Amino acid sequence: ASAGRKVPERVRCAGMIQKVQRLTSKKSNAAYARFVLENLDGEIEAIVFPKTYAAGLDKLIHTNEMIIARGRLNQKGARWELFVEDIILFDQARNKFVQRVWIEVSGVALEDEFVAKLHKTLSVHPGNVAVGLRVVHDKMHPPVMVDLNYNVNLTTGLMHELERFVGRDNIQLDTST
């Protein structure tokens, strides 16, 4: 961060865990961890303090694990470090952040065979993320939004199935609440 720029109170950093050190504090003799969170933009030293570490994050810290870490930035000399408050594994991130998946289809494509195949695909992936259809008839009229009354687990497998079925550009993940 440059001078004059306000540093956000909380940040999320995505990357791969490297150089894990499991340590014990001198003051309270409590376990904590340090690791490097590395991504395509660089790396940052991450610290998981004893209280957070003991609350379950200790089980998520493994070398080469892909994560999203949420926490507070702290400047230490010329370097920055991240005081980690929460970790989400990549496999779980979609289901935590996405509120609804919208599938865009042409009104012409809504035939019985399409609907049956979509029903079959969605029904084998029960979860917490709502699914809706955005039915497009033409460019002159707004799309019709239809709630499908399905909640799915947005696994990588389901995303690939939907992409093969309707195309990647026809799937939108909505994170707004």
Side-chain angles (χ1 to χ4, degrees), residues 1-104 121-122 125-131 151-177:
S2 61
R5 256 182 46 194
K6 187 175 185 312
V7 175
E9 209 170 292
R10 299 276 186 282
V11 297
R12 284 192 185 112
C13 298
M16 182 169 51
I17 294 175
Q18 296 296 319
K19 302 177 187 170
V20 175
Q21 297 174 341
R22 295 182 190 278
L23 306 162
T24 304
S25 72
K26 292 176 186 169
K27 195 188 301 186
S28 64
N29 204 32
Y32 73 102
R34 297 177 82 90
F35 60 87
V36 173
L37 186 60
E38 181 180 297
N39 63 29
L40 298 175
D41 292 323
E43 60 183 43
I44 190 168
E45 176 91 15
I47 303 162
V48 181
F49 291 112
K51 186 176 178 184
T52 309
Y53 186 81
L57 292 193
D58 60 318
K59 295 169 183 56
L60 303 176
I61 301 169
H62 303 287
T63 299
N64 298 327
E65 188 73 66
M66 299 295 292
I67 66 164
I68 298 172
R70 183 179 61 85
R72 292 179 293 114
L73 287 175
N74 180 56
Q75 191 166 17
K76 187 175 184 179
R79 293 182 348 193
W80 288 91
E81 55 191 9
L82 177 66
F83 293 166
V84 178
E85 298 169 348
D86 191 22
I87 291 176
I88 303 164
L89 302 177
F90 263 30
D91 291 347
Q92 300 165 345
R94 249 193 239 115
N95 287 301
K96 180 159 180 138
F97 296 119
V98 174
Q99 301 297 311
R100 178 180 301 274
V101 58
W102 288 105
I103 302 168
E104 187 169 303
T121 301
L122 297 175
H125 296 277
N128 297 319
V129 179
V131 181
N151 289 308
V152 296
N153 181 6
L154 279 181
T155 63
T156 301
L158 174 58
M159 290 300 295
H160 288 311
E161 282 183 63
L162 291 174
E163 288 169 3
R164 281 192 302 273
F165 188 34
V166 298
R168 176 176 275 181
D169 293 340
N170 295 319
I171 300 168
Q172 179 186 358
L173 304 180
D174 185 355
T175 57
S176 58
T177 52

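For reference, positions follow the sequence shown, starting with 1. None of the values given here were measured: they were computed from a predicted structure.
Residues Val129 and Leu173 are not in side-chain contact: their nearest non-hydrogen atoms beyond the backbone lie 4.5 Å or more apart. Side-chain contact between Gln75 and Trp80 is present, with at least one heavy-atom pair separated by less than 4.5 Å. Within the 4.5 Å cutoff, the side chain of Asn151 has no heavy atoms near those of the Asn128 side chain. Counting heavy atoms from C-beta on, the side chains of Val48 and Phe35 come closer than 4.5 Å. The shortest side-chain heavy-atom distance between Glu104 and Val166 does not fall under the 4.5 Å cut-off. For the pair Arg10 and Arg72, the minimum side-chain heavy-atom distance is below 4.5 Å.
Residues Ile17 and Leu60 approach most closely at CD1-O, 3.9 Å, considering heavy atoms. Scanning all heavy atoms of the two residues, the minimum distance from Gly71 to Leu82 falls at C-CD1, 3.7 Å. Taking all atoms of both residues into account, the shortest heavy-atom contact from Tyr32 to Phe49 is CB-C, 4.0 Å. Nearest heavy atom pair, residue Gly15 against residue Asn39, reads CA-CB, 4.0 Å. In this structure, Asn153 and Pro126 approach most closely via the heavy-atom pair CB-O, 3.3 Å. Listed here is the closest heavy atom pair of Ala14 and Ile68: CB-CG1, 4.0 Å.
Applying the side-chain hydrogen bond (donor to acceptor under 3.5 Å, both in side chains) rule to pairs touching residues 54-64 yields Gln18-Asn64, sequence neighbours excluded. Counting only residues at least two apart or on different chains, the side-chain hydrogen bond (donor to acceptor under 3.5 Å, both in side chains) pairs with a member in residues 43-54 are Arg22-Tyr53, Arg34-Glu45.
To the nearest 0.5 Å, atoms NZ (Lys96) and OG1 (Thr175) are separated by 14.0 Å. To the nearest 0.5 Å, the span separating OG1 on Thr156 from CZ on Phe90 amounts to 10.5 Å. Here Thr155 contributes atom OG1 and His125 contributes atom NE2; the two are 5.0 Å apart, rounded to the nearest 0.5 Å. Going from atom CZ of Phe165 over to atom CD1 of Ile103 covers 8.0 Å, rounded to the nearest 0.5 Å. Rounding to the nearest 0.5 Å gives a distance of 8.5 Å between CZ of Arg94 and CG of Leu158. Atom CD of Gln172 sits about 11.5 Å away from atom CZ of Arg100, to the nearest 0.5 Å.
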Test side-chain hydrogen bond (donor to acceptor under 3.5 Å, both in side chains) on Asn74 and Glu81 and set out the steps. CA-CA 5 Å; Asn74 180 56; Glu81 55 191 9; 2.7 Å; yes
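Qualifying side chain to side chain contact (heavy atoms under 4.5 Å, CB included) partners for Ala54, counting only residues two or more places apart in sequence or in other chains: none.
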